[in-house]
Asks: 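If you scroll down you'll find the structure; I have some questions about it.
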Amino acid sequence: MGGSTRNPGVLQRDDSPSQSPYQRLSQRMLDISGDRGVLKDVIREGAGELVTPDASVLVKYSGYLEHMDKPFDSNCFRKTPRLMKLGEDITLWGMELGLLSMRRGELARFLFKPTYAYGTLGCPPLIPPNTTVLFEIELLDFLDSAESDKFCALSAEQQSQFPLQKVLKVAATEREFGNYLFRQNRFYDAKVRYKRALLLLHRRTAPPEEQHLVETAKLLVFLNLSFTYLKLERPTMALRYGEQALIIDRKNAKALFRCGQACLLMTEYQKARDFLVRAQREQPFNHDINNELKKLASYYRDYMDKEREMCHRMFASGDNGSTVGEN
């Protein structure tokens, strides 16, 4: 993790043979629990705010037993780590305390005494009783959902009592969660988060001088929903949200592109061409838009070839296509 090539579980010996490696390491670590039950050594500094209670965190971690070469637990083999909520998905008390002391991008090493790890019983067969464990943790990102969850649980009337900036902040948090889920290909879950954000924005009435802030936030959610419905293979809904985005910004290239993609999937080739040509007009050198126009031309040729072949077969068989029967 973090480009480290050393083995944290097996530390170099020094001139104190009476002490174990973890005992020697602990002497230069920071006590963050107040009773030396959780000790910390920062390997790489992070930036920004500290992790907030009840946040959902994106981390890479590896846990080691003393004198062991390989970690007994690690998620570093995952291409995309799972978002985990403090207090729910993270069950080690020491890890939760450690994460609350971290900032985005930080890489740190922790020692957890048994009370903050696996206790007097351990976790057979991997973890012996009364075992101190070492964890290396890299905090990639975190999202604070506590404020958002509490706000979304309020009634529309209660939400209306809060200032507009609060609503925009909560809606942005919901959209960020949706973006994370989308990147994990969890498109249905992403859609749920985006719709929560949209509901908050639809409920809110703003004075004329601030309405543009609401519209800007809606535009981002409409674009996200359009793309998500394309991934869910529901082009009708993708087109609907793309058109909602165009009501706000009729020249938005992304919205035009999404509408064109949706129409192409619906085999509405003329509508697809209209949207894509408009998108190309806004961004002439956009690689994705130009490729989609090429794809459309190819699909349309295939479609017309099939239509001509069908007509040829119909007339060759003597069927003039009449639907009027003889009396």
Side-chain angles (χ1 to χ4, degrees), residues 46-61 75 78-90 96 99-106 137-154 156 159 162-204 206 210-232 237-238 241-242 244-245 248-249 252-255 257-258:
E49 300 177 351
L50 292 172
V51 172
T52 53
D54 298 318
S56 294
V57 297
L58 188 63
V59 299
K60 288 185 178 181
Y61 66 84
N75 74 341
R78 294 176 180 268
K79 185 176 181 181
T80 306
R82 184 170 62 92
L83 197 67
M84 298 184 291
K85 189 172 179 62
L86 296 181
E88 294 182 10
D89 302 310
I90 295 176
E96 183 160 343
L99 285 164
L100 289 171
S101 74
M102 299 183 73
R103 306 175 192 274
R104 286 183 179 88
E106 183 177 331
I137 302 175
E138 182 178 10
L139 178 63
L140 304 175
D141 200 1
F142 72 90
L143 294 170
D144 183 1
S145 62
E147 182 181 20
S148 174
D149 292 340
K150 290 177 184 177
F151 188 83
C152 290
L154 299 175
Q159 290 176 4
F162 288 85
L164 177 61
Q165 290 302 321
K166 172 76 170 183
V167 178
L168 294 174
K169 181 182 178 182
V170 173
T173 299
E174 289 297 310
R175 193 174 70 84
E176 287 173 7
F177 261 95
N179 290 346
Y180 172 80
L181 294 166
F182 186 96
R183 290 193 294 269
Q184 285 200 320
N185 296 325
R186 293 167 57 184
F187 303 122
Y188 181 84
D189 294 331
K191 178 200 71 173
V192 171
R193 287 289 185 172
Y194 292 143
K195 285 198 169 183
R196 280 179 67 172
L198 194 58
L199 178 61
L200 293 173
L201 296 169
H202 276 324
R203 283 178 175 177
R204 187 61 187 225
E210 293 185 321
Q211 185 59 33
H212 70 282
L213 298 175
V214 177
E215 296 300 300
T216 299
K218 282 183 180 179
L219 175 62
L220 294 174
V221 180
F222 285 142
L223 292 172
N224 289 145
L225 278 167
S226 183
F227 197 13
T228 301
Y229 274 111
L230 284 173
K231 293 293 187 180
L232 290 170
M237 293 299 295
Y241 283 110
Q244 288 293 313
I248 298 173
D249 180 4
N252 188 281
K254 280 188 178 180
F257 180 55
R258 301 293 177 228

Asks: Test your reading of the model: is there a side-chain donor-acceptor pair from Glu106 to the backbone of Arg103, 3.5 Å cut-off?
Replies: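 Between the backbone of Arg103 and the side chain of Glu106 there is a qualifying donor-acceptor contact (under 3.5 Å).
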
Asks: Answer yes or no: is there a donor N or O on one side and an acceptor on the other, between the side chain of Gln159 and the main chain of Phe151, under 3.5 Å?
Replies: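 Side chain of Gln159 to backbone of Phe151: a pair is present.
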
Asks: So for atom NZ, which belongs to Lys150, do other residues, nucleotides or ligands contribute more than 12 heavy atoms lying within a distance under 6.0 Å?
Replies: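 Open.
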
Asks: Between Arg196 and Asp149, is there a salt bridge with N-O shorter than 4.0 Å?
Replies: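 The answer is yes: the pair qualifies as a salt bridge.
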
Asks: Could you tell me whether the side chain of Asn75 and the main chain of Val59 form a donor-acceptor pair under 3.5 Å?
Replies: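 Yes; at least one donor-acceptor contact below 3.5 Å.
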
Asks: Could you state the interatomic distance from CG (Leu50) to CZ (Arg104), rounded to the nearest 0.5 Å?
Replies: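 So the gap between those two atoms works out to 10.5 Å.
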
Asks: Hey, does Ile137 have a side-chain heavy atom less than 4.5 Å from the side chain of Lys60?
Replies: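 Sidechains of Ile137 and Lys60: no contact.
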
Asks: Is Leu83 close to Phe177 at the side-chain level, that is, under 4.5 Å between some pair of heavy atoms?
Replies: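 A side-chain contact exists here, since the closest heavy-atom pair is under 4.5 Å.
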
Asks: Any non-hydrogen side-chain atom of Phe162 less than 4.5 Å from a side-chain atom of Leu154?
Replies: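 Yes, close enough: below the 4.5 Å cut-off.
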
Asks: In the structure I gave you, are the side-chain heavy atoms of Val51 and Leu86 within less than 4.5 Å of one another anywhere?
Replies: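 A side-chain contact exists here, since the closest heavy-atom pair is under 4.5 Å.
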
Asks: Hey, are the side chains of Val214 and Lys218 touching, using non-hydrogen atoms and a 4.5 Å cut-off?
Replies: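 The answer is yes; the side chains approach within 4.5 Å.
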
Asks: Answer with yes or no whether the side chains of Tyr180 and Glu176 bring together a donor and an acceptor at under 3.5 Å.
Replies: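 Looking only at side-chain atoms, Tyr180 and Glu176 do not form any donor-acceptor pair under 3.5 Å.
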
Asks: Can you tell me how far CG of Leu223 sits from OH of Tyr241, rounded to the nearest 0.5 angstrom?
Replies: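 So the gap between those two atoms works out to 13.0 Å.
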
Asks: Please determine whether ring pair (Phe, Tyr, Trp, His ring centres under 6.0 Å) holds for the pair Phe227 and Phe182, giving the CA-CA distance in whole Å, both sets of side-chain angles, and the decisive distance to 0.1 Å.
Replies: CA-CA 10 Å; Phe227 197 13; Phe182 186 96; 5.0 Å; yes

Asks: Report the distance from atom NZ of Lys166 to atom CG of Leu164, rounding to the nearest 0.5 Å.
Replies: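 Reported value, rounded in 0.5 Å steps: 12.5 Å.
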
Asks: Do you know which of Leu200, Leu143, Val170 makes side chain to side chain contact (heavy atoms under 4.5 Å, CB included) with Ser148?
Replies: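 Testing Ser148 for a side chain to side chain contact (heavy atoms under 4.5 Å, CB included) against Leu200, Leu143, Val170 leaves exactly one candidate, Val170.
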
Asks: To the nearest 0.5 Å, tell me how far Tyr194 OH sits from Asn224 CG.
Replies: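 One gets 4.0 Å once the value is rounded to the nearest 0.5 Å.
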
Asks: Find the distance between CD (Gln244) and CG (Leu219) and round it off to the nearest 0.5 Å.
Replies: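 With rounding to 0.5 Å, CD (Gln244) is 11.0 Å from CG (Leu219).
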
Asks: Check whether any side-chain heavy atom of Met237 sits under 4.5 Å from a side-chain heavy atom of Ser226, and report yes or no.
Replies: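 Not in contact.
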
Asks: Any heavy-atom pair between the side chains of Asp54 and Lys85 that's under 4.5 Å?
Replies: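 Touching, per the 4.5 Å side-chain cut-off.
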
Asks: In Å and rounded to the nearest 0.5 Å, what is the CZ to CZ distance from Arg193 to Arg186?
Replies: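 The CZ atom of Arg186 is 9.5 Å from CZ of Arg193, to the nearest 0.5 Å.
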
Asks: I need the minimum non-hydrogen distance between Glu96 and Gly87, along with the two atoms involved.
Replies: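 It is OE1-N, 3.3 Å.
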
Asks: More than 12 foreign heavy atoms under 6.0 Å from NZ of Lys254: is that the case here?
Replies: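 Open: at most 12 neighbouring heavy atoms sit under 6.0 Å from NZ of Lys254.
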
Asks: Do Met84 and Arg82 come within less than 4.5 Å of each other through their side chains, counting heavy atoms only?
Replies: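 Yes, close enough: below the 4.5 Å cut-off.
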
